[in-house]
J.: 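Could you have a look at this structure, given as structure tokens, before my questions?
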Amino acid sequence: MTLSLKARFAQAEIVLAPGVYDALTASLAEAAGFEALYVSGASIAYTRLGRPDIGLVSMAEVADTITMIRDRIATPLIVDADTGYGNALNMQRTMRLFERAGANALQIEDQSFPKRCGHLADKSVIPAAEMVGKIKAAADARASQETLIIARTDAIAVEGFEAALERAHLYAQAGADMLFVEAPGSADELGRVTAELKGLAPLMANMVEGGRTPIKSAKELEALGFSLVIFPGGIVRALARAAQDFYGTLKRDGSTDAFRNQMFDFDQLNAVIGTPQMIAAGRSYEAEQIIAAAEKSKRA
Ligand SMILES: C[C@](O)(C(=O)O)[C@H](CC(=O)O)C(=O)O
């Protein structure tokens, strides 16, 4: 992306960001041509812990994930920072560490700790004023104004739709760069989010397959007025299904033959992860190459 995220979100065309959770998924998503990637807390919990998105993943584990992804790819990263992992001061430390690790935007939410996936039941939220304090704290802690703060409210399920819209207004006033009303329960509510909040700040939508919100395409959400849509956990749902089939096949057959046309072979995977380029790069630093290059420049 040549524009900063902030400039890009100001354009009418929606940004479509897939969920990623490690360097492999991030590099595949980058190669597919996405303009921004979403580092999904749920996907980290699903894959690293094999557990639900219920606040078990720590701040340091997410920082570590961002670091490894950023070492591999250059695409802007929108990072799920959950609740900031505590109060306003925790939020500031989260902002500093995630920004240094390579995040370009932090999505922060108003759930109480420990949080849970926005599409699960029995959520609870902190008072709106406390969240306002956390948004201000995050803004004060960022090193660059280009690092965006996406304020999410989970209030629909707790206090109702109108209350969630009120919170979004307060979060925009507090300085949020983007607003995210989590889990609208119908196409009508999805439409009302943009109708009633448009102009306050760019708006984000979240498409969770089988979740509370009806699934719409990026183009449909763009027509409603959203600036960003994430598909955060779809990759894990696809990979988990493939892994289950793979292990079932291997256990049943004692070989992977029946699965071969659904998997990369050795060379194909090496091409995807850049093995030939890495080996060539390593060779260029070998002693003989360095000595040969030095002798060549002496002769010249
Ligand atoms: C966006 C989200 O916070 C995430 O962790 O990716 C989750 C998505 C999910 O659970 O699939 C969410 O709370 O909506």
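As the structure is a prediction and not an experimental result, all values here were calculated from the model. Because only heavy atoms are used, hydrogens play no part in the values below, and waters and symmetry mates are left out as well, while side chains stay in. Order of listing sets the numbers, starting from 1, for every ligand and every atom in it.
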J.: Name each N or O atom in ligand 1 that is under 3.5 Å from a protein N or O, and give the partner atom and the distance.
T.:
residue: ligand 1; atom: 3 (O); partner: Asp80; partner atom: OD2; Å: 3.2
residue: ligand 1; atom: 3 (O); partner: Arg152; partner atom: NH1; Å: 2.9
residue: ligand 1; atom: 5 (O); partner: Gly41; partner atom: N; Å: 3.3
residue: ligand 1; atom: 5 (O); partner: Ala42; partner atom: N; Å: 2.7
residue: ligand 1; atom: 5 (O); partner: Asp80; partner atom: OD2; Å: 2.7
residue: ligand 1; atom: 6 (O); partner: Ser40; partner atom: OG; Å: 2.6
residue: ligand 1; atom: 10 (O); partner: Tyr46; partner atom: OH; Å: 3.4
residue: ligand 1; atom: 13 (O); partner: Gly118; partner atom: N; Å: 2.7
residue: ligand 1; atom: 13 (O); partner: Arg152; partner atom: NH1; Å: 3.4
residue: ligand 1; atom: 13 (O); partner: Arg152; partner atom: NH2; Å: 3.1
residue: ligand 1; atom: 13 (O); partner: Glu182; partner atom: OE2; Å: 3.2
residue: ligand 1; atom: 14 (O); partner: Glu182; partner atom: OE2; Å: 2.6
residue: ligand 1; atom: 14 (O); partner: Asn206; partner atom: ND2; Å: 2.8

J.: Sequence neighbours excluded, which residues qualify as side-chain contact (heavy atoms from CB on, under 4.5 Å) partners of Ala292?
T.: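 Ala292: no side-chain contact (heavy atoms from CB on, under 4.5 Å) contacts found.
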
J.: Would you say Asp80 and Ser40 are linked by a side-chain donor-acceptor pair, where the criterion is simply a distance under 3.5 Å?
T.: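 No, because no side-chain N or O of Ser40 sits under 3.5 Å from a partner of the opposite role on Asp80.
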
J.: Enumerate the side-chain hydrogen bond (donor to acceptor under 3.5 Å, both in side chains) contacts for residues 261-275, please, sequence neighbours excluded, ordered by first and then second residue.
T.: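 Output for this query lists Asn270-Thr275.
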
J.: Please tell me whether Thr25 and Asp22 have a donor and an acceptor in their side chains that are separated by less than 3.5 angstrom.
T.: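 Side chains of Thr25 and Asp22: pair found under 3.5 Å.
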
J.: Are Arg192 and Glu162 ion-paired here, with the side-chain N under 4.0 Å from a carboxylate O?
T.: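 Salt bridge: yes.
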
J.: Who else is in Ile273's hydrophobic cluster (ILVMFWY, side-chain heavy atoms under 4.5 Å, direct or via others)?
T.: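 Members other than Ile273 - counting any ILVMFWY side chain reachable under 4.5 Å - are Leu24, Leu28, Phe264, Leu269, Val272.
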
